[in-house]
Structures are given as C-alpha cells and as structure tokens.
Amino acid sequence: MKERFSVWGHFYEKKIAGHSEKLRSRLEIFPLDWEPSRAIFGNPDLIVVMMNPGKSEPLASLENIDGFVPANPDRTQNQIMKLMLDSDGQILHARIINLSDLREKDSAIFRKKLQLYAADESHSIFDSSRKVELKKCFAACGVILFAWGLHPAYHPFAKRVLIASKGKRTLGLTDDGLGYRHPLPRNATALKHWFESATTQLKNLLLNSPSP
C-alpha cells in the first residue's frame, strides 16, 4: 500500500478535563503522486468515521503543512486503502475522522476515558464546541462510511454522527443502526465478509450517484 498511497495526519496534544492527552483530529489518505496540500485542503471522495485513532503514529519528519505531518498507517487504514483500490478509481482520497481524537490503543482503556471525560468531550469532533469544524468536514464529503464498532459505549456519539450525516450517502455494516462493524475484525471470515459487503455497498452507491 505504501507504493500507492500517502498518509498524512493532524496530531496534537491538549488537556482534557485536566489530563494531558495525545490526539489526532484527521487522517488523509491519497495517491502518492499528489501534493499533500491537495488532500489536506481539498474535498475527500470518502469520509470514514471510526472509533479512535488507534495505532497510527506520526512519522519523524520536517514536513509540516498546516499542522499535518506524514503518518505511519496501521492495519485498519490498509483495509481502507484496499477498499479505495477496489472502487474502480472513483475513491482517490479518503479522510478518516473518529468518534474521539484520543490516541489510545487499548479499547478498554479508551472506553474508560470516555467515561472519565464525560464532562469535557472536546476530544470529539461531534462535541457541540466543534460544530463548525464538523459542518465544514461533512459538507465537503461525497460518501460516508460508518465503522466505529459495536460496543454500546459508543452509541451516544453514534447518534450524533447519524444526525450530522443526515441526507448524505452512507454505508456500513450494522444490525441495529447504531453499532457499525469495524473494518478489521479479528476473525478471518468476518474480515472477508466486511470487505466484500463494504465494497458492494460502496459500488452500489457510486453507481447510483446522480450525475453532476
């Protein structure tokens, strides 16, 4: 995938409810031959909403564009790249945002932090304090993929996502309309099912898109 795509992210640090945290607000995935600014300031073909940034890390680099730096993708982002490659050239640029910007690799600890920071949810782009940022982000997108996982702890944020994305073209694997399966399940059969189902949904959305 590294031979096909560049990955840049906006990483930052701030205090949440008095605790210092490392965060990431956005990740841009785009063709290797693009100038990074084209993706950073441009409109994505696909927005992916996931749980939190996970294992993606900034790379040591002197490059910096409006706070964005090159990033090392994780296996989940490789799955998104595969989806892009399977879109027949219609998805060249994907933007990943999350229910929370908290860079916590352990999902159990992450859920505890959601409880700990219940009084200060500025770590989420879906918090009311960041509504201008969210509106700008969603206004620019073509298709939104929901993929934040199934745990009930995410449901309050999921409801905000659904409200914010009303009227948009959306896809994702769900049983209840609130939990959406993550792109990288541990079971190989589930992994194959997610990719095949997401690819089919995406192609159907793109095929039935209104002409510009």
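Everything numeric here is computed off the predicted structure, so don't read it as measured data.
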S.K.: Would you call the rings of Phe126 and Phe138 parallel, tilted or perpendicular, taking 30° and 60° as the class edges?
M.R.: perpendicular
S.K.: Between Asp101 and Arg130, does at least one N-O distance fall below 4.0 Å, as a salt bridge requires?
M.R.: yes
S.K.: By the definition side chain to side chain contact (heavy atoms under 4.5 Å, CB included), identify the one residue from Glu104, Glu121, His123 that meets it with Leu114.
M.R.: His123
S.K.: What do the steps show when you test Ser122 against Asp120 for side-chain hydrogen bond (donor to acceptor under 3.5 Å, both in side chains), and what is the final call?
M.R.: CA-CA 6 Å; Ser122 60; Asp120 181 1; 2.8 Å; yes
S.K.: Could you walk me through whether Val143 and Asp45 satisfy the side chain to side chain contact (heavy atoms under 4.5 Å, CB included) test, starting with their C-alpha distance in whole Å, then the side-chain angles of each, then the deciding distance to 0.1 Å, before giving a yes or no?
M.R.: CA-CA 6 Å; Val143 177; Asp45 304 304; over 6 Å; no
S.K.: Give a yes or no answer on whether the side chain of Arg26 reaches the backbone of Ile40 with a donor-acceptor pair at less than 3.5 Å.
M.R.: yes
S.K.: Would you say the side chain of Phe110 lies within less than 4.5 Å of the side chain of Ser100, judging by non-hydrogen atoms?
M.R.: yes
S.K.: Look at atom CD of Glu35 and say whether more than 12 heavy atoms of other residues, nucleotides or ligands are closer to it than 6.0 Å.
M.R.: no
S.K.: Between Ala71 and Gly9, which heavy-atom pair has the shortest distance, and what is it?
M.R.: CB-N, 4.2 Å
S.K.: Begin from the C-alpha positions of Tyr12 and Ser25 and carry the test side chain to side chain contact (heavy atoms under 4.5 Å, CB included) through to its verdict.
M.R.: CA-CA 8 Å; Tyr12 65 106; Ser25 61; 3.9 Å; yes
S.K.: Between Thr174 and Gly179 (side chain of the first, backbone of the second, donor and acceptor by atom type, cut-off under 3.5 Å), is there such a pair?
M.R.: yes
S.K.: How long is the gap from CG on Leu32 to CZ on Arg4, to the nearest 0.5 Å?
M.R.: 10.0 Å
S.K.: Picking from Arg24, Arg103, Lys22, what satisfies side-chain hydrogen bond (donor to acceptor under 3.5 Å, both in side chains) with Glu57?
M.R.: Arg103
S.K.: For the residue pair Trp148 and Tyr180, categorise the inter-ring angle as parallel (less than 30°), tilted (30 to 60°) or perpendicular (more than 60°).
M.R.: perpendicular
S.K.: Report the residue from Pro53, Cys141, Cys137 that forms a side chain to side chain contact (heavy atoms under 4.5 Å, CB included) with Ile97.
M.R.: Cys137
S.K.: List the atom of Leu102, the atom of Asn52, and the distance in Å for their closest heavy-atom pair.
M.R.: O-ND2, 3.0 Å
S.K.: Is the ring pair Trp34/His93 parallel, tilted or perpendicular, if the boundaries are 30 and 60 degrees?
M.R.: perpendicular
S.K.: So, Gln201 side chain and Ala198 main chain: donor-acceptor pair closer than 3.5 Å or not?
M.R.: no
